[in-house]
Every structure is written in C-alpha cells, then in structure tokens.
Amino acid sequence: MTMTHDAPRALDSDLVVDGAQLIGGDWVPAASGETIDVINPATRDVLARIPRSGSDDVEHAVQAAEEALPAWRDLDATSRGRLLFRWADLIEQRADEIDEIERREVGRPSWGPLGVPGQIRFIAGQADKVQGVSLPTYSPEHLGFTLREPYGVVGGIIPWNAPGPMFAVEVGAAIAAGNTMVMKPAEDAPLTPLALAKLALEAGIPAGVINVVTGYGHEAGAAIPAHPRIRRMGFTGSPQTGSLIMEACAKNLTPLHLELGGKSPQVVFGDADLDAAVPAMAMGITLNTGQICAAGSRVVVLRSIHDELVDRLAAQMETITYGPWHQQVNMGPLINEKQHRRVLDYIGVGRDAGADLVTGGAVPTGAGLEDGFFVQPTLFDKVDPDMRIAREEIFGPVLSVIPVDDEEEAVRVANGTDYGLVASVWTRDVGTAVRMSRRLEAGQVGINSPLGAGVIGGPFGGYKNSGFGRTMGADSVLDWTQVKTVSMRDAVAVGR
Ligand code: NAI
Ligand code: MG
C-alpha cells in the first residue's frame, strides 16, 4: 500500500558536510582528491559528496589522533563525561535536522524522537565510573591495585543501516574511556556521522579526538585495522567483512569486537498471544525495511497454531505502508541497488527452493516509488530449515515461516543457523519461557518482547558467527580500557 504526500523540500542544513572529512579538527578532502556520491535511496538524488579516502588519509588521521591522545587521556574523567553530555545536548537541540539527514541517506521514515542523545548520555554517565580494584598483598608494606587505562588510538568501522546510533555508541564509549579514534562510516550513509562529529567539535571535544575518514571499505576501511598503531578495533557489518577485519587485526595482534548480524528466530508456541505477537513480528521484519541486524527473520511456529498465525501474519504484512522518507509510512526503500538485487535474488531463491510465497515478493509500483529501491514486505511459508532463505541473512523485509512439531524441534531449528544474535519467544507459559531463555543460543533473548527491546542498558552482541564483545551496556566504556596491575612498596621498608 502506498500513500500520497507533499513534495519534498531540499535538504538545507549546515550539518550536511559536502566533500570533506574530519581529520585533526580540519575538514579536508581525500589525498586522492576523488569523491563518492551519497544518494537518497528513495529517489537516487545526490545528497552530497564524500572524500574517497585511502591509506594516506588513514595515516594522517592516526597521526592526528596520536597528537590529541595525551591531553584527552589525561583530562579528568568527569570533564570528559561533561563534554559528552554537552555533545548530547547539541544533538538534541538539532534533533530534527539530524533525523532528516539520517532519514534521507538511509531512506527510512521518521521513528519519532531521536535516540542518539539518550545513548550518548548513558555512555557519558559511565565516563567517571571506570574503576579498578584494590588487591590483597603479602605484607602491610605493600599496596596493590588495578588501573583501567585507554588503549590509545582506536579504530571503528560501522555500517549504513543506523549510522547515527552506531556512530554514537562506538565513538562515545571509546572516547569516554580516554581513547582517541579513527572512525570510518559506511560509504552509503556517512552524512549523519559527519554531522554528529561536527557537533562534537562544537561541544568542545578537542580536535583529533574524533576523526572521521570516509570512503570505500576495501580502501579507507581496510587501511584502519591494517594500521599497526591502531590499538583496538570495533566493527559492525557482514561476517565476510568481519572476518577480513579480524585477519588484519590478527597480523597486528590488535584486539577487537565484532557485531555481524543474524538470522534471528521468533519462536511461537501454541499458547502465544497472537494479538501481541503478530504486529510485533510484522514490525520486526519491516522496521528499517528489514535492514536491522536484530531483525526477526525466521518464524519458528508450532503446528498447532501454524495456520492461524500465517493467515494473520499475511494480513498484517499487507497493511504495511511504504514510500519515501518524508511520508508517514512504516517502511522506506532498501539502501542501494546492490541490496535491492540481493533481496530480490533471495526471493527468487526461496521460490525456486519450493517455499510458499504467501504475500509480497515483488517490486511495488506507484507514484513516488519509481526511482527508489523498494520491495514489498514478503512472507514465505513452509520453509525448510535447510533452505538458504532460512539460513542466510537477507537484510530485507523477507520473513520465513518454519513449522515445527514440538519444543525440541523448535529449539533445534531456532539454534540451527551459524548466527546467534537475538531470539524471541512468544508464550504465556512460564516454564516454557524459562527453558527457552536458557536453551536458545543468542546474545539477546526476548520473551513476548521482540528485538531485545524494553530493557535499559542491556549489553548487546552475538553468540556464534554473530560476533563477540558487547556494546551498549553499563560496562561499554570499561570495554574500551585495558587493565594495569600496580604493586607498590614503601622504599624504606625495602632496605629493612
Ligand atoms: P559490509 O560488512 O561490507 O560493510 C560494513 C562496513 O564495512 C562499511 O563501512 C564498509 O565500507 C566496510 N567495509 C567493507 N569492506 C571492507 C573491508 N574489506 N575492510 C574494511 N572495511 C570494509 O556490508 P555491506 O556490503 O554493506 O552489506 C552486505 C550484507 O552485510 C548485508 O546484506 C547484511 O546481511 C550484512 N550487514 C550487516 C549489518 C549489521 O548490522 N550487522 C550491517 C550492514 C550489513
Ligand atoms: Mg561490502
């Protein structure tokens, strides 16, 4: 279903950075002089150009981060936190502009109030709560304790699906700990990160603490983990690229965390409250057009309730509205032509494998949809757990229903992919909920609560090939520190 709309305004904000990236507090082009167009995926309009950087630019950014490091590391932690709070305030004051930049480059509708200021405040509050421990000693002349220290210059690479929150969480935690950072946003959605970096400078976070290098993954991106003076990495994206990042880090013995997406199951038991489950499941696969690492892309359903669930899910998915970023719709386009091709290919793969296409499956037509990378919300039923659409991350609004006979089979199927990011369970039975919470292999389990939502400060990350390390929790700043044990003895006592 599409909706009518007003003609869009031009994007007019001094927070849109055109042709420049942030290195050492300066807005500079790439050493190559080349640029990459950033498009609006609903219209293919060019929003801005970004520098096409490579290893020379990353070297430049690492040097800038090294220069900024001593003063930032040695600034007292309360002052570091205060600067992050000020950053959050500035973002909040300009939330509408930031939201519009992100909606245009990602192609999503408005989600209401911007979450980024709250995310940064949660992190800012941790800045001066990074504590070591006191250690027992063999004699009263000794003192022993641990210090939590930043790694130094650290690197980050983020994807395009939620560029604002990804940037805030990764950069915020790293710098709150006293590190300085070289961050590469995705070439498809770098404008929100650049805008946030601009506001960080305005907030008084010193030049060189946050450096944003733009460009392609195999060029600017690859140069970051390959750099020997990057002391720690954070990466979010595909398992294929994550594996390349880890290889590069292995060569330099650089520690890292990886967040690599999922094939998250939603297990529906016979006693599930379908009034709650059905809308949540439809939203879980269409929010951000299914381009969410936590998307609940498999419905594992007990046969007793299967037919009713599929009927209601199909009806619900047919109510999902889509259109460009400025409309009050549920869903925008996919991010780019490659993802469009990929999602349509997977729909073909599902059909060819013999899954039942219940609804969707096509590129929608209609006014305002001509130039965008749109795809209908798509529901496959009678999906076999061995089919590729049941095992591989599609990253689009494509939901696969897999019927099962009992709880044992539900667990086996739910755990039967290489991924393990989020798992949801729909049941009214406490015993089922307890058993499933323990048995599901996932970093987040939601009982009657999809996408791991509803919790403040839940650590977020994967089991199995979904990655390792946790972000967003109460120890997310601690995670960007290393431990030093200090033992001390009274010098007079030494001579005794
Ligand atoms: P990707 O993993 O290739 O890209 C993510 C980030 O890594 C971008 O900033 C990109 O420029 C960078 N990158 C790419 N190649 C690199 C390299 N060789 N060295 C260093 N950095 C590199 O993901 P892509 O190609 O955009 O999407 C492909 C699939 O990956 C999606 O369909 C989806 O399944 C998955 N994905 C998962 C995400 C998640 O949230 N876990 C986010 C984005 C994609
Ligand atoms: Mg790629």
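Every number for a ligand or one of its atoms is a count from 1 in the order of the listing.
Against a heavy-atom cut-off of under 4.0 Å, Glu259 is close to the following atoms of ligand 1: 41 (N). The ligand atoms of ligand 1 that sit less than 4.0 angstrom from a heavy atom of Leu244 are 18 (N). Short contacts between ligand 1 and Glu187, defined as distances under 4.0 Å to a heavy atom of the residue, involve ligand atoms 10 (C), 11 (O). When each atom of ligand 1 is checked for a heavy atom of Asn161 under 4.0 Å away, the hits are 40 (O), 42 (C). With ligand atoms numbered from 1 in the order given, ligand 1 contributes 27 (O), 28 (C), 31 (C), 32 (O) to contacts under 4.0 Å with heavy atoms of Gln339. When each atom of ligand 1 is checked for a heavy atom of Ile157 under 4.0 Å away, the hits are 6 (C), 7 (O), 9 (O), 12 (C), 20 (C), 21 (N). Less than 4.0 angstrom separates some heavy atom of Pro159 from each of these atoms of ligand 1: 42 (C), 43 (C). Listed by number with element, the atoms of ligand 1 under 4.0 Å from a non-hydrogen atom of Gly221 are 19 (N), 20 (C), 21 (N).
Proximity of a side-chain donor or acceptor of Thr180 to a complementary backbone N or O of Ala65 within less than 3.5 Å is detected.
In this structure Thr192 satisfies the side-chain hydrogen bond (donor to acceptor under 3.5 Å, both in side chains) test together with Glu105, sequence neighbours excluded.
Nearest residue to atom 5 (C) of ligand 1 from Thr236, Leu334, Ile335 is Thr236 (criterion: closest heavy atom). Of the options Gly217, Gly261, Gly237, the smallest heavy-atom separation from atom 14 (C) of ligand 1 is shown by Gly217. Atom 38 (C) of ligand 1 has its nearest heavy-atom neighbour, among Phe395, Tyr346, Phe235, in Phe395. Between the choices Thr241, Ile158, Asn288, the shortest heavy-atom distance to atom 6 (C) of ligand 1 belongs to Ile158.
Taking the six-membered ring where tryptophan is involved, the planes of Tyr322 and Phe374 are tilted, since the angle between them lies from 30° to 60°.
Between Lys464 atom NZ and Lys263 atom NZ the span is 14.0 Å, to the nearest 0.5 Å. Annotation: the span from Ile120 atom CD1 to Ile91 atom CD1 amounts to 3.5 Å, rounded to 0.5 Å.
Under 4.0 Å from ligand 1, not a single heavy atom of Ile292 appears. Neither the backbone nor the side chain of Ile224 comes within contact range of ligand 1; no heavy atom lies under 4.0 Å. If you look at Gln240 next to ligand 1, there are no close heavy atoms at all, none under 4.0 Å. With a 4.0 Å cut-off on non-hydrogen atoms, Lys338 touches ligand 1 through its side chain and not its backbone.
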Throw together a table of side-chain donor-acceptor distances under 3.5 angstrom for residues 213-227, partners on residues two or more places apart or in other chains.
unit_1: Thr214; atom_1: OG1; unit_2: Pro51; atom_2: O; d: 2.7
unit_1: Glu219; atom_1: OE1; unit_2: Arg52; atom_2: NE; d: 2.9
unit_1: Glu219; atom_1: OE2; unit_2: Arg52; atom_2: NH2; d: 2.7
unit_1: His227; atom_1: ND1; unit_2: Arg229; atom_2: N; d: 3.0
unit_1: His227; atom_1: NE2; unit_2: Glu59; atom_2: OE1; d: 2.7

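Using modelled atom types and a 3.5 Å distance limit, the side chains of Asp188 and Asn336 yield a donor-acceptor pair. Between Ser53 and Gln21, the side chains place a donor N or O and an acceptor N or O closer than 3.5 Å (distance only, hydrogens not considered). With no hydrogens or angles considered, no side-chain donor-acceptor pair links Thr43 and Asp371 at under 3.5 Å.
An N or O contact shorter than 3.5 Å links Ser238 to ligand 1 by distance.
Considering only heavy atoms from C-beta on, Leu313 comes within 4.5 Å of Val299 through its side chain.
Between Trp325 and Arg103, the shortest heavy-atom distance links the atoms O-NH1, 3.2 Å.
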